[in-house]
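Reminder, nothing fancy here: chain letters follow the sequence lines and each chain counts from 1.
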Protein chains: 2
Amino acid sequence: MTDRPQRPLTLRDVSEASGVSEMTVSRVLRNRGDVSDATRKKVLEAAATLGYVPNQIAGSLASQRVNLVAVIIPSLGNMVFPEVLTGINQILDETPLQAVVGVTDYLPEKEERVLYEMLSWRPSGVIIAGLEHTDAARAMLTNAGIPVVEIMDTDGRCVDSMVGISHRRAGAEMARAILKQGYQHIGFMGTKMPLDHRARKRFEGFTEHLAKAGVEIEDREFYSGGSALAKGREMTKTMLDRSPDLDFLYYSNDMIGAGGLLYLLDQGIDVPGQVGLAGFNGVELLQGLPRQLATMDACRLEIGRAAAEIIRDHGQEGASVEPHKITLTPKLSLGDTLRRRRV
Amino acid sequence: MTDRPQRPLTLRDVSEASGVSEMTVSRVLRNRGDVSDATRKKVLEAAATLGYVPNQIAGSLASQRVNLVAVIIPSLGNMVFPEVLTGINQILDETPLQAVVGVTDYLPEKEERVLYEMLSWRPSGVIIAGLEHTDAARAMLTNAGIPVVEIMDTDGRCVDSMVGISHRRAGAEMARAILKQGYQHIGFMGTKMPLDHRARKRFEGFTEHLAKAGVEIEDREFYSGGSALAKGREMTKTMLDRSPDLDFLYYSNDMIGAGGLLYLLDQGIDVPGQVGLAGFNGVELLQGLPRQLATMDACRLEIGRAAAEIIRDHGQEGASVEPHKITLTPKLSLGDTLRRRRV
DNA sequence: CTGAAAGCGCTAACAA
DNA sequence: TTGTTAGCGCTTTCAG
């Protein structure tokens, strides 16, 4: 066992230990070019004994290539984003590319900072949630000279490529399904997040579709912070106490929807006969509730995978140079809470 | 608006645009040394107009300093780890340091790969989950010459510093609490994950404590994959059908515990009178269930914060050079499922 | 307060 | 198949 080295090892150390030139050592370690088996063996042995770890900083500077992909998302606390990351990693795991994650907390200025920070590492591509950015951020993305994929949302203009779903349409579809079942008195609950554009668009799509049918939301309630399940419970109680005539509750996410569902069942309210429910996201987490909540899948895994594929294929021969605009279709699942029983 | 540049901008571009030497431009952009307000202004303007983003690769190579902290965790799907990350970010957000996350999927070889990959960026520190690593990984950590903090678990030997809880003790504490309430016929449910050492240690601590009191686990069941809530339901049904005499069910995590709870309530079984329940983690997510599940807090946020603080303070004047060994004490919360009602 | 020179550790390009 | 040379874009150091 050697002592802890003060100075990190360099290629030169391996070169000296193996009696092979730095250049050839470099070739061996990167599996580049032709190297005789004898030399290769010498080098590999020396590197292993010394415990040499290459310096990518120097390597990237010299080669002008960086195997990093910047991934910028609003939050890790919302399971949606880890799932997108999983999709991204599924694709990148089979390439030399490596995702680096930055979190914005839904704050535009923080997004701008994080983006700047990440671009300063000259990544090979950017995957960023949403289409809404500060002007400065948009300018950085435009000028970065690398592929940029905006994900999750396709209602708007993108800088380069985009992969997502139309939240407007998702909201409208849900409205259609609800009306079709004959519900008429609808309440809405969601997060108090002016900066969650996707939730906002769903809401807009939802109300606009209702409006076309001459229906208006009769009550609404917003929350922030705290356990979503508990908040769903509380808000549902508050709302039904205030507006006992409601026959449907639309939640902006499945967690609060689940809280609402548990509350209604506790109260012995007939779901979906007396009150119907729906959420959004298709959180797998929640399978196992007493009733399956109606929801809409946000295609999280697919979005991550498609975005990563765009970055991976960029600049490959045969790949189109055109930006991609991919709109996935969320699947509506009625579950047990959106099928009105015949009276 | 300028066209998309083929070549990324360099300091030299800013230097030429502002008529100031590269060196001084660099100083302005880093807020280092004294620069006259006039020059500073010129530089800042030029940089902003051009949309210059510094190249950290070159900067880090030259300065031999990298503001990256490698964070290596088993998974993002388990909410525990995003929460630890949140704690880490809370601390690092107020420093120039930036966390870079690598995911191992609980696979030792993947951990080794990810570690190698991250060390090749010469980060300023490493935060890594668990104390169990391959020999090669351990060697890399030892030789990296940077602070290393192993987190989550303190039952074992660490390379450098560690911050976590004793899962052995956590398991034992839970056993003690259960016995104290008079439960005697105990079943266990958990994940089928030989590589989740923390779950294993909790289980060992649990059974060892029971053994001291002459009690043995009467049934057990393991799952893998799928929705934890649903699995908790299924396993609970399976187990109670098989071993109807059980009066307590210990779950290795709160999600399956919640599934079990919902199942028991569905069945009209008296919780905690007829059957008591406990989980592990203190998942905030679950507040809002019909009954509050007994659980034990894993101190996720604190662990993240403490680990990040160790990295942050490393090498600061006045900071101790000694490795830190921090064992936090998980809080037991009895909730509504571990208080046996007087018969 | 500002600038010039040297070099961080590696790889592209070329020469042998 | 192997080695040599010249940088990559920045910061350190030292001189003005």
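- Rounded to whole angstrom, the span from the CG atom of N67(B) across to the P atom of dC10(D) amounts to 15 Å.
- Per the geometry, CD1 belonging to I57(A) stands 11 Å off P belonging to dG9(C), to the nearest Å.
- Here dC10(C) presents its P atom at 12 Å from CG of L61(A), a figure rounded to the nearest Å.
- Look at CG on D13(A): it is 9 Å from P on dG9(C), rounded to the nearest Å.
- Look at R65(B) and you won't find any side-chain N or O under 4.0 angstrom from OP1 or OP2 of dC8(C).
- Taking only side-chain nitrogens and oxygens, Q64(A) never comes nearer than 4.0 Å to OP1 or OP2 of dG7(D).
- Taking atom CG of L11(A) as the reference point, atom C1' of dC8(D) lies 15 Å away to the nearest angstrom.
- Contacts with DNA chain C (heavy atom under 4.0 Å) in residues 114-122 of chain A: none are found.
- Taking side-chain N and O atoms only, S63(B) has no distance below 4.0 Å to OP1 or OP2 of dC10(D).
- Residue A62(B) has its side chain nearest to dG7(C) when only dG7(C), dT11(C), dT2(C) are considered.
- In this structure, the side chain of T104(B) does not engage the main chain of E111(B) through any donor-acceptor pair within 3.5 Å.
- A donor-acceptor distance shorter than 3.5 angstrom exists from the side chain of S15(A) to the backbone of V20(A), with no hydrogens or angles considered.
- Between the side chain of H197(B) and the backbone N or O of P194(B) there is no donor-acceptor pair closer than 3.5 Å.
- T154(B) contributes atom OG1, which lies 11.5 Å from atom CZ of R198(B) (distance to the nearest 0.5 angstrom).
- In this structure, N143(B) contributes its side chain and A139(B) its backbone to a donor-acceptor pair below 3.5 Å.
- Contacts with DNA chain C (heavy atom under 4.0 Å) in residues 18-33 of chain A: M23(A), S26(A), R30(A), listed by number.
- In this structure, T142(B) contributes its side chain and R138(B) its backbone to a donor-acceptor pair below 3.5 Å.
- Applying the 4.0 Å criterion to OP1 and OP2 of dC8(C), one finds that S60(B) has every side-chain N and O outside that range.
- Each of dT2(D), dT2(C), dC10(C) was ranked by its minimum atom distance to the side chain of S36(A); first place goes to dT2(D).
- The phosphate of dC10(D) (OP1 or OP2) has a side-chain N or O of Y52(B) nearer than 4.0 angstrom.
- If you take CD of E16(A) and P of dG9(C), they are 13 Å apart, rounded to a whole angstrom.
- With D160(B) contributing its side chain and V148(B) its backbone, the two residues share a donor-acceptor pair below 3.5 Å.
- Within the 4.5 Å cutoff, side-chain heavy atoms of D196(B) are placed close to those of Y106(B).
- Within 4.0 Å of T39(B), counting heavy atoms only, lie sugar-phosphate atoms of the nucleic acid but no base atom.
- By the 4.5 Å heavy-atom criterion applied to side chains, V159(B) and L131(B) are not counted as neighbours.
- As rounded to whole Å, 10 Å separates atom P of dC1(C) from atom CZ of R40(B).
- Note: CG (N55(A)) to P (dC8(D)) measures 18 Å, nearest angstrom.
- Looking at heavy-atom distances under 4.0 Å, D34(B) makes contact with a base.
- Here CD1 of I88(A) is found 12.5 Å from CD of E83(A). Values are rounded to the nearest 0.5 Å.
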